[in-house]
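Residue numbers run from 1 in the order of the sequence given. Only this structure's heavy atoms are used, side chains among them; waters, hydrogens and symmetry mates stay out.
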Amino acid sequence: MKRYLLGLLLIAFVVSVVSQHLVYSQTPTADKSKEKNATAKKDSTITWYKYDEGLAKAKKEKKHVMVHFYATWCGWCKRMDKLTFDNEEIKQMLNGDFVAVKVNAESADKVKVEGKDMTLRQVAGMYNARAYPDTWFLKPTGEKIGERKGYVEADEFQYILKWVKDDQYDKISFAEYVKQQQEKKDSEKK
């Protein structure tokens, strides 16, 4: 009798697991096909550079650098890729006014920094990037301007990009810049 009961429980468990697997495996596939279609309709993507290539390009073209540190396991990094970096205005600003650099902060891949081979993990260490995402902004010379730790919504990220692009970081704080921009928007609405 116990064997019969255990057998029924085992069968019920297996049926439950298989049915959940079928339900959940079909839903993401449908979502993925929608995502692919949505991606195909978008106008542009961000051109990401390796760390060493990005710094060299920025110096040559006299553009600010955005260095985005991430980890492959980081959920907030994936969210930022999907929601912030997929924003059309942000893509246009990064491709036009910045050199966008993306660094897997846990990678052993090597780049050249000031003539020395360094892993991307070591590059992240130079910026003290330990929690992800961590986004740094640099002058065209490679000099650090500042960082924004954590996930950033698209609207705030646009303010940051404009503040850096217009060299406002040397003139006013970011909070003051945002306040001025919001007051300007409010006065235009009137």
Exercise. Supply the atom-to-atom distance M118 CE to K112 NZ, rounded to the nearest 0.5 angstrom.
Key: 12.0 Å
Practice problem: Inspect the surroundings of NZ in K144 and state if more than 12 heavy atoms from other residues, nucleotides or ligands are less than 6.0 Å away. | Solution: yes
Quiz prompt | Distance-only polar pair, side chains of D97 and Q92, donor-acceptor under 3.5 Å | solution = no
Exercise. Show the numbers, then the answer: is there a side chain to side chain contact (heavy atoms under 4.5 Å, CB included) between Y159 and Q182?
Key: CA-CA 10 Å; Y159 281 124; Q182 289 173 342; 3.5 Å; yes
Quiz item: Are L161 and I172 connected, step by step, through hydrophobic side chains (Ile, Leu, Val, Met, Phe, Trp, Tyr) whose heavy atoms are closer than 4.5 Å?
Solution: yes
Quiz prompt | Identified side-chain contact (heavy atoms from CB on, under 4.5 Å) counterpart of L55 within the set V113, T141, V65 | solution = V65
Self-check item: Audit row: M66, V101, side chain to side chain contact (heavy atoms under 4.5 Å, CB included) steps and yes/no
Solution: CA-CA 6 Å; M66 182 209 62; V101 173; over 6 Å; no
Quiz item: What heavy-atom pair brings A71 and C77 nearest, and what distance separates the two atoms?
Solution: N-SG, 3.9 Å
Quiz item: Cluster question for you: counting only ILVMFWY and a side-chain heavy-atom cut-off of under 4.5 Å, with indirect links fine, are Y51 and I145 together?
Solution: no
Quiz item: Is K102 positioned over the aromatic face of Y70, cation under 6.0 angstrom from the ring centre and no more than 45 degrees off axis?
Solution: yes
Practice problem: State which residues pass side-chain contact (heavy atoms from CB on, under 4.5 Å) with K50; sequence neighbours excluded, sorted by chain then number. | Solution: D52, E53, V111
Exercise. Evaluate side chain to side chain contact (heavy atoms under 4.5 Å, CB included) for V152 paired with M80, printing each intermediate quantity in order.
Key: CA-CA 7 Å; V152 186; M80 196 161 169; 3.9 Å; yes
Practice problem: Would you give the length of the straight line joining atom CG of D134 to atom CH2 of W76, rounded to the nearest 0.5 angstrom? | Solution: 15.5 Å
Practice problem: Establish whether V67 and F174 are linked, either directly or via other cluster members, by ILVMFWY side-chain heavy-atom contacts under 4.5 Å. | Solution: no
Practice problem: Give, for atom OG1 of T45 and atom CG of N95, the distance between the pair rounded to the nearest 0.5 Å. | Solution: 7.0 Å
Quiz prompt | Point-to-point distance, once rounded to the nearest 0.5 Å, from OG1 of T47 to NZ of K57 | solution = 8.5 Å
Quiz prompt | S187 side chain vs K184 backbone, donor-acceptor pair below 3.5 Å | solution = yes
Quiz item: Are M93 and F85 linked, directly or through other ILVMFWY residues, by side chains that come within less than 4.5 angstrom of each other?
Solution: yes
Practice problem: Test E88 against K91 for side chain to side chain contact (heavy atoms under 4.5 Å, CB included), laying out the working first. | Solution: CA-CA 5 Å; E88 286 302 317; K91 288 190 280 189; 2.8 Å; yes
Quiz item: If you draw the axis of the six-membered ring of F137, does the NZ or CZ of R148 fall within 45° of it and under 6.0 Å from the ring centre?
Solution: no
Quiz item: With distance as the sole test, does Q122 use its side chain to make a donor-acceptor pair with the main-chain N or O of T119 at under 3.5 Å?
Solution: yes
Exercise. Check ring pair (Phe, Tyr, Trp, His ring centres under 6.0 Å) between Y127 and all other residues, then give those that pass, not counting sequence neighbours.
Key: F69, W136
Quiz item: Is I90 reachable from V178 through a run of hydrophobic residues whose side-chain heavy atoms are each under 4.5 Å from the next?
Solution: yes
Quiz prompt | N87 side chain to E89 backbone, donor-acceptor under 3.5 Å | solution = yes
Quiz item: Are E176 and Q168 close enough that some pair of their side-chain heavy atoms sits under 4.5 Å apart?
Solution: no
Quiz item: Between the main-chain N or O of G54 and the side-chain N or O of K59, is there a donor-acceptor pair closer than 3.5 Å?
Solution: no
Quiz item: What distance do W163 atom CH2 and H64 atom NE2 have between them, rounded to the nearest 0.5 Å?
Solution: 10.0 Å
Practice problem: Working to the nearest 0.5 Å, report the span between OG1 of T72 and OH of Y132. | Solution: 10.5 Å
Practice problem: Could you tell me whether E147 and K149 make a salt bridge, using a distance below 4.0 angstrom between a side-chain N and a carboxylate O? | Solution: yes
Quiz prompt | Sidechain N-carboxylate O distance under 4.0 Å for E188, K185 | solution = no
Quiz prompt | Main-chain N/O of G96 paired with K63 side-chain donor or acceptor, under 3.5 Å | solution = yes
Practice problem: Given salt bridge (charged side-chain N to carboxylate O under 4.0 Å, His left out), test K116 with E114 step by step and report yes or no. | Solution: CA-CA 6 Å; K116 299 177 187 174; E114 297 175 3; over 6 Å; no
